[in-house]
Amino acid sequence: MIRLLLFTATLWGTAAVLTDWTVVERDVKIPLDLEATPLQVKTDSALGSGEQIYVDMYDKDSNYISVVTVWFSSPIQYGIDYCTTGWTDLPVQPPVEVEKIWTITKTETTLIITCNNVEVVNYLFADSSYSDCVPKWGGDVKKIYFSSVDTASDFYRAAECPAFSIEGSTQESWTASPIGTTATIECAANHILVGSAILTCQQDLSWSNDVPQCIGK
């Protein structure tokens, strides 16, 4: 697969790859734990073009769970299989920029979609009038699938801030983390913290502060 890589090195500590977009390959099941890590999709479809984001969801055994769709009508609409009735206008219309980054986040009870950092859908499965919605979406999504019906999705990635390590800290290393995660840094004995002790993973997949150092006394 073609990958677009942007590498970042902070002033203080060491961070891994910041942005790693993958070109969408259709009709292939892609491993992704959606409960642990939101999905981001990049599009450049115009309003009213009729193009679609169409992402099927599967469990670890490749059993079908449901599909999330976004239709570039005017206004833009969405659908959640087993939950919504046909196409439904987004409760909040996305920003006007043609280039958009959509973030799909799933919990056991809710599906949230944001576009360019604006929340456009916050759907509670229990609110559906369909009896299949809660049991279907209560399962863990472990694989995604961009079908040939999907004409809008250009690139995708797991929505994570990069892993980093700090020599002389009590934890030493932190794994890649989803949006909203807070990392608290403590230095080992005889080391002084230089920089911020708290980093939060932001919507743009960057940490809120430069990775600090733990300097030996």
**Prompt:** Side chains of Gln52 and Val149: does their closest heavy-atom pair fall under 4.5 Å?
**Reply:** yes

**Exercise: identify the closest heavy-atom pair between His191 and Ala189** = ND1-O, 2.9 Å

Report, one line per pair, each donor and acceptor closer than 3.5 Å where one atom sits in a side chain of residues 173-186; sequence neighbours left out.
| unit_1 | atom_1 | unit_2 | atom_2 | d |
| --- | --- | --- | --- | --- |
| Trp174 | NE1 | Gln171 | OE1 | 3.3 |
| Ser177 | OG | Thr175 | O | 2.9 |
| Thr181 | OG1 | Pro178 | O | 2.8 |

**Prompt:** Is the closest side-chain heavy-atom distance between Pro212 and Ile166 below 4.5 Å?
**Reply:** yes

**Prompt:** Under a 4.5 Å cut-off applied to non-hydrogen side-chain atoms, are Val121 and Leu111 in contact?
**Reply:** no

**Asked** Which pair of non-hydrogen atoms, one from Pro135 and one from Ser131, has the smallest distance, and what is that distance?
**Response** CD-O, 3.2 Å

**Request:** May I ask you to test the Thr37-Glu160 pair for a side-chain heavy-atom distance under 4.5 Å?
**Result:** yes

**Asked** Measuring from Asp89:CG to Ile76:CD1, what's the distance to the nearest 0.5 Å?
**Response** 10.5 Å

**Straight-line distance of Cys115 SG to Glu97 CD, nearest 0.5 Å** = 8.0 Å

**Request:** Nearest 0.5 Å please: distance from the OG atom of Ser153 over to the CD atom of Glu51.
**Result:** 9.5 Å

**Asked** Does Ser169 use its side chain to pair, donor to acceptor, with the backbone of Glu172 at less than 3.5 Å?
**Response** yes

**Request:** Would you name the heavy atoms of Tyr123 and Cys133 that are closest together and state the gap between them?
**Result:** CE2-SG, 4.2 Å

**Item:** Minimal non-hydrogen separation, Val23 against Phe155, with atom names
**Value:** CG2-CE2, 3.4 Å

**Prompt:** Are Val120 and Val70 co-members of a hydrophobic cluster defined by side-chain heavy atoms under 4.5 Å apart?
**Reply:** yes

**Message:** More than 12 heavy atoms of other residues, nucleotides or ligands under 6.0 Å from CD of Gln202: yes or no?
**Reply:** yes

**Asked** Within the distance-only criterion (no hydrogens, no angle test), does the side chain of Asp61 pair as donor or acceptor with the backbone N or O of Asn63 below 3.5 angstrom?
**Response** no

**Message:** Determine whether a donor-acceptor pair (N or O, by modelled atom type, separation under 3.5 Å) exists between the side chain of Asn116 and the backbone of Ile101.
**Reply:** yes

**Message:** Rounded at 0.5 Å granularity, tell me how far CD in Gln40 sits from OG1 in Thr22.
**Reply:** 12.0 Å

**Request:** Might you confirm whether atom CD of Glu108 has over 12 heavy atoms from other residues, nucleotides or ligands at distances under 6.0 Å?
**Result:** no

**Message:** Within a 6.0 Å radius of atom NZ on Lys60, are there more than 12 heavy atoms belonging to other residues, nucleotides or ligands?
**Reply:** no

**Side chain proximity check, Ser196 to Val211, heavy atoms < 4.5 angstrom** = no

**Item:** Atom pair CD1/CE of Ile65 and Met57 - distance to nearest 0.5 Å
**Value:** 8.5 Å

**Item:** Heavy-atom donor-acceptor pair, Ser128 side chain to Phe125 backbone, under 3.5 Å
**Value:** no

**Request:** Could you list the residues that satisfy ring-ring contact (aromatic ring centres under 6.0 Å, His included) with Phe146, not counting sequence neighbours?
**Result:** Tyr156

**Asked** Does the pair Ser62 and Lys143 meet the rule for a side-chain hydrogen bond (donor to acceptor under 3.5 Å, both in side chains), with working shown?
**Response** CA-CA 7 Å; Ser62 293; Lys143 300 175 183 178; 2.7 Å; yes

**side chain to side chain contact (heavy atoms under 4.5 Å, CB included) partners of Ile215, counting only residues at least two apart** = Val194, Gln213

**Item:** Audit row: Asp27, Ser147, side chain to side chain contact (heavy atoms under 4.5 Å, CB included) steps and yes/no
**Value:** CA-CA 5 Å; Asp27 299 328; Ser147 78; 4.2 Å; yes

**Message:** Are Thr103 and Ile113 packed together at the side-chain level, in the sense that at least one heavy-atom pair is separated by less than 4.5 angstrom?
**Reply:** no

**Item:** Set of side chain to side chain contact (heavy atoms under 4.5 Å, CB included) partners for Glu35, sequence neighbours left out
**Value:** Asp33, Lys106, Asp140, Val141

**Asked** Charged N to carboxylate O under 4.0 angstrom, Arg26 versus Asp150?
**Response** yes

**Asked** How long is the gap from CG on Leu32 to NZ on Lys142, to the nearest 0.5 Å?
**Response** 9.5 Å

**Closest non-hydrogen atom pair between Leu193 and Cys214, with its separation** = CD1-SG, 4.4 Å

**Message:** For Glu119, is the CD atom crowded, meaning more than 12 foreign heavy atoms sit under 6.0 Å from it?
**Reply:** yes

**Request:** May I have the step-by-step check of side chain to side chain contact (heavy atoms under 4.5 Å, CB included) for Cys201 and Trp207, ending in yes or no?
**Result:** CA-CA 5 Å; Cys201 181; Trp207 292 104; 3.9 Å; yes

**Message:** Grouping I, L, V, M, F, W and Y whenever their side-chain heavy atoms are under 4.5 Å apart, do Leu205 and Ile112 come out in a common cluster?
**Reply:** no

**Prompt:** Same cluster for Tyr78 and Phe72 if Ile/Leu/Val/Met/Phe/Trp/Tyr side chains link at under 4.5 Å?
**Reply:** yes

**Request:** Determine yes or no for a side-chain-to-main-chain donor-acceptor pair under 3.5 angstrom, with Thr69 supplying the side chain and Gly79 the backbone.
**Result:** yes

**Asked** Less than 4.5 Å apart, any side-chain heavy atom of Thr110 and any of Trp137?
**Response** no

**Prompt:** Does one hydrophobic cluster hold both Ile80 and Tyr54, with members joined at side-chain heavy-atom distances below 4.5 Å?
**Reply:** no

**Fill in**
Taken in chain and number order and not counting sequence neighbours, the residues that satisfy side chain to side chain contact (heavy atoms under 4.5 Å, CB included) with Asn190 are none

**Request:** Using a 4.5 Å cut-off on heavy atoms from C-beta on, say whether the side chain of Leu90 contacts that of Val92.
**Result:** no

**Complete:** Closest non-hydrogen atoms of Thr43 and Trp102, given as atom of the first, atom of the second and distance, are OG1-NE1, 3.1 Å

**Any residue meeting side chain to side chain contact (heavy atoms under 4.5 Å, CB included) with Tyr64, in chain and number order, not counting sequence neighbours** = Asp56, Tyr58, Val67, Asp81, Tyr82

